[in-house]
Amino acid sequence: MERILNYINGKLVEPKSGNYLDNYDPSRGVVYGEIPDSDREDVKEAITAAQTAFPEWSAKSNEERSRIMMRIADLIDENLEKLALAESKDNGKPLKLARRVDIPRASSNFRFFATGVIHFASESHLMEGEAINYTTRTPVGVAGCISPWNLPLYLFTWKIAPALAAGNTVVAKPSEITPMTAFLLSELCIEAGLPSGVLNIVHGLGPKVGQAIVEDPDVPLISFTGGTATGKAIAATAAPMFKKLSLELGGKNPNIIFADCDFDNALRISVQSSFANQGQICLCGSRIFIERPIYEKFRDAFVEKVNRLKIGPPLDESSNLGAVVSKQHMEKVLSYIDLAKKEGGKILAGGNRVELDGEFSEGYYLEPTVIEGLDYQCRTNQEEIFGPVVTLTPFDSEEEVLTMANSTEYGLAATIWTQDLTRAHRVSHKLKSGIIWVNCWLLRDLRTPFGGMKKSGVGREGGWEALKFFTETRNVCIKL
Ligand code: NDP
């Protein structure tokens, strides 16, 4: 049994209660470790440590903070294989994906914000002959960072890195479903010489640990990524306390294929954007809209490609899809496939749980599933499934596809496939999504604003947006 510990005030410590939760290996459906079942007392200790560390950390120069963060990034790279194995085991994702995407992105997050903060300049505005204004941005205090299970270390560091770079100290909670790489990160922070109390990681359940962080008056800033319902509960607690709040929430992203697209690229990348990480990426395109003249050709080629995807153990290099994250999540996804059938959908590919052989027979594997014949307003096409399930819908005009694409309560990301540049611009500007990809998917420049409209969130992460969020702005006006 692998037992992980909290990271509080620079030390790896047991939860005060002495209680632990089970940690599952989704590829085998068995418990393989224990996670601290922390509570309010552990959170309070972490907040006190972060408050104590704040004056010294925030007073360091950007260059000094940057140097320490660059050491953490180097250690993540040096431990790439260990971290990728841990991520794959904890989450069920293919090892090759963790090795290629999740872990390299975690070190990039540290490096990006460690270097970015050095160039994060203040502004000044001259009122000619009258006055000069200058604007300062200073660290806020203790930042509360709460992250989900789908891209565990990737999204955890996406919050922690800008918070620390800007001079805040942090109390963070990874998802209790996938806490392992956050624990390994705490070991690396100790090795890198991060001063005690600057980053504190408290493991445990959302409604206990997460809620205690959000409720605490000594945490003036909350950065949360997760489901829309959880985001709503967090906002209800944080808003009356006037905390700074960043919410990255759910999505139901449209993937729009026009008849003039580069067919082969649209097809190949649409398979990825549907099923990467078992469809458990907030940016996956779960509703594919195909212009009528190529509907049948695209549908048939898509289904053929999907049927060739291999579902297998995460460590097997030939697996395209691993396990979904938990039994509960697998059951949720299966219930949506049942709902789709009840709503009149036709299953063109997949639709079932997969039982692998031997030690993997209890793992949580699902077939990549393709459904057609559903109304765009039905629940299957409106609610976030967050698994390897996509729907196909034909369309006849731009106006029609925009109505369908914009019909959900979400507005996170969208993809457009067309060779017509004018149309690409026109449609991009009419889509109610925070992130739009044209003829590509998940091409990320960390300087760009990241986040969604409508119920997909509040605020933006990435680049200067993140550093602005993690600082308090003050304008000083001096009469000349
Ligand atoms: P949840 O909302 O269930 O959980 C997210 C985090 O919040 C977890 O650490 C969870 O802890 C914690 N939490 C739960 N309840 C509370 C509470 N009352 N107070 C404070 N914290 C709490 O999301 P999932 O982990 O299931 O992640 C999947 C969701 O995340 C999907 O909706 C997906 O779209 C969204 N997502 C959004 C992204 C974006 O950038 N917009 C990116 C990636 C995912 P615990 O795990 O212990 O319950």
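Read the numbers this way: they start at 1 and go in the same order the structure lists the ligands and their atoms. Here the structure is a predicted model, which means the values were calculated and not measured.
When hydrogens are left out, the protein atom nearest atom 2 (O) of ligand 1 is Thr230 OG1, 2.6 Å; that is the closest non-hydrogen contact. Of the protein's non-hydrogen atoms, the one nearest atom 11 (O) of ligand 1 is Lys173 NZ, 3.0 Å. With respect to atom 31 (C) of ligand 1, the closest heavy atom belonging to the protein is Glu384 OE1, 3.5 Å.
Using a 3.5 Å distance cut-off with no hydrogens or angles, the side chains of Ser223 and Lys159 do pair a donor with an acceptor. Side-chain contact check for Asn9 and Ser196: no donor-acceptor pair (N or O, by modelled atom type) lies under 3.5 Å. Side chains of Asn265 and Asn439: no donor on one and acceptor on the other come within 3.5 Å. Under the 3.5 Å distance criterion, with hydrogens and angles disregarded, no donor-acceptor pair is assigned to the side chains of Ser17 and Asp39. Asn6 and Ser38 form a side-chain donor-acceptor contact under 3.5 Å, judged by distance and modelled atom types alone. Remark: the Asp77 side chain and the Ser107 side chain contain an N/O donor-acceptor pair separated by less than 3.5 Å. A side-chain donor from one of Glu461 and Trp158 sits under 3.5 Å from a side-chain acceptor of the other. Using a 3.5 Å distance cut-off with no hydrogens or angles, the side chains of Thr181 and Glu87 do pair a donor with an acceptor.
Near Gly227, the atoms of ligand 1 lying under 4.0 angstrom from a non-hydrogen atom of the residue are 1 (P), 2 (O), 23 (O), 29 (C), 30 (O), 32 (O). The distance from ligand 1 to the heavy atoms of Leu412 drops below 4.0 Å at these ligand atoms: 41 (N). Numbered from 1 in the order shown, with element, the atoms of ligand 1 that lie under 4.0 Å from a heavy atom of Cys282 read 34 (O), 36 (N), 37 (C), 38 (C), 39 (C), 40 (O), 42 (C), 43 (C), 44 (C). Applying the 4.0 Å criterion to heavy atoms of Gly210 picks out, from ligand 1, the atoms 19 (N), 20 (C), 21 (N). Atoms of ligand 1 lying under 4.0 Å from at least one heavy atom of Ile146, given by number and element, are 6 (C), 7 (O), 9 (O), 12 (C), 20 (C), 21 (N). Interface atoms of ligand 1 facing Gln211, defined by a heavy-atom separation under 4.0 Å, are 17 (C), 18 (N), 19 (N), 20 (C). Near Ile234, meaning under 4.0 Å from any of its heavy atoms, are these atoms of ligand 1: 19 (N), 20 (C), 21 (N). Within the listing of ligand 1, atoms 43 (C), 44 (C) sit less than 4.0 angstrom from a heavy atom of Asn150.
Under the ring pair (Phe, Tyr, Trp, His ring centres under 6.0 Å) criterion, no residue pair touches residues 4-36, with sequence neighbours excluded. Residue pairs meeting the side chain to side chain donor-acceptor pair (under 3.5 Å) criterion with at least one member in residues 401-416, sequence neighbours excluded, are Gln382-Ser407, Glu409-Lys455.
Of the polar atoms of Trp149, at least one N or O is found under 3.5 Å from an N or O of ligand 1, judged by distance alone. Considering backbone and side-chain atoms alike, Thr228 places every N or O at 3.5 Å or more from each N or O of ligand 1.
Of the options Thr178, Ile435, Leu249, the smallest heavy-atom separation from atom 41 (N) of ligand 1 is shown by Leu249. Compare Gly206, Ser147, Ala212 by their heavy atoms: the one nearest to atom 9 (O) of ligand 1 is in Ser147. The residue among Tyr154, Phe450, Phe386 with a heavy atom at the shortest distance from atom 33 (C) of ligand 1 is Phe386. When the heavy-atom distances from atom 47 (O) of ligand 1 to Lys208, Glu176, His329 are ranked, the shortest goes to Glu176.
The local environment of CD in Glu34 is crowded, with over 12 non-hydrogen atoms from other residues, nucleotides or ligands closer than 6.0 Å.
Residue-level proximity to ligand 1 for Leu155 is carried by the side chain, the only part with a heavy atom below 4.0 angstrom. Within the 4.0 Å heavy-atom criterion, both parts of Pro148, backbone and side chain, lie near ligand 1.
The shortest heavy-atom distance from Gly204 to ligand 1 is under 4.0 Å.
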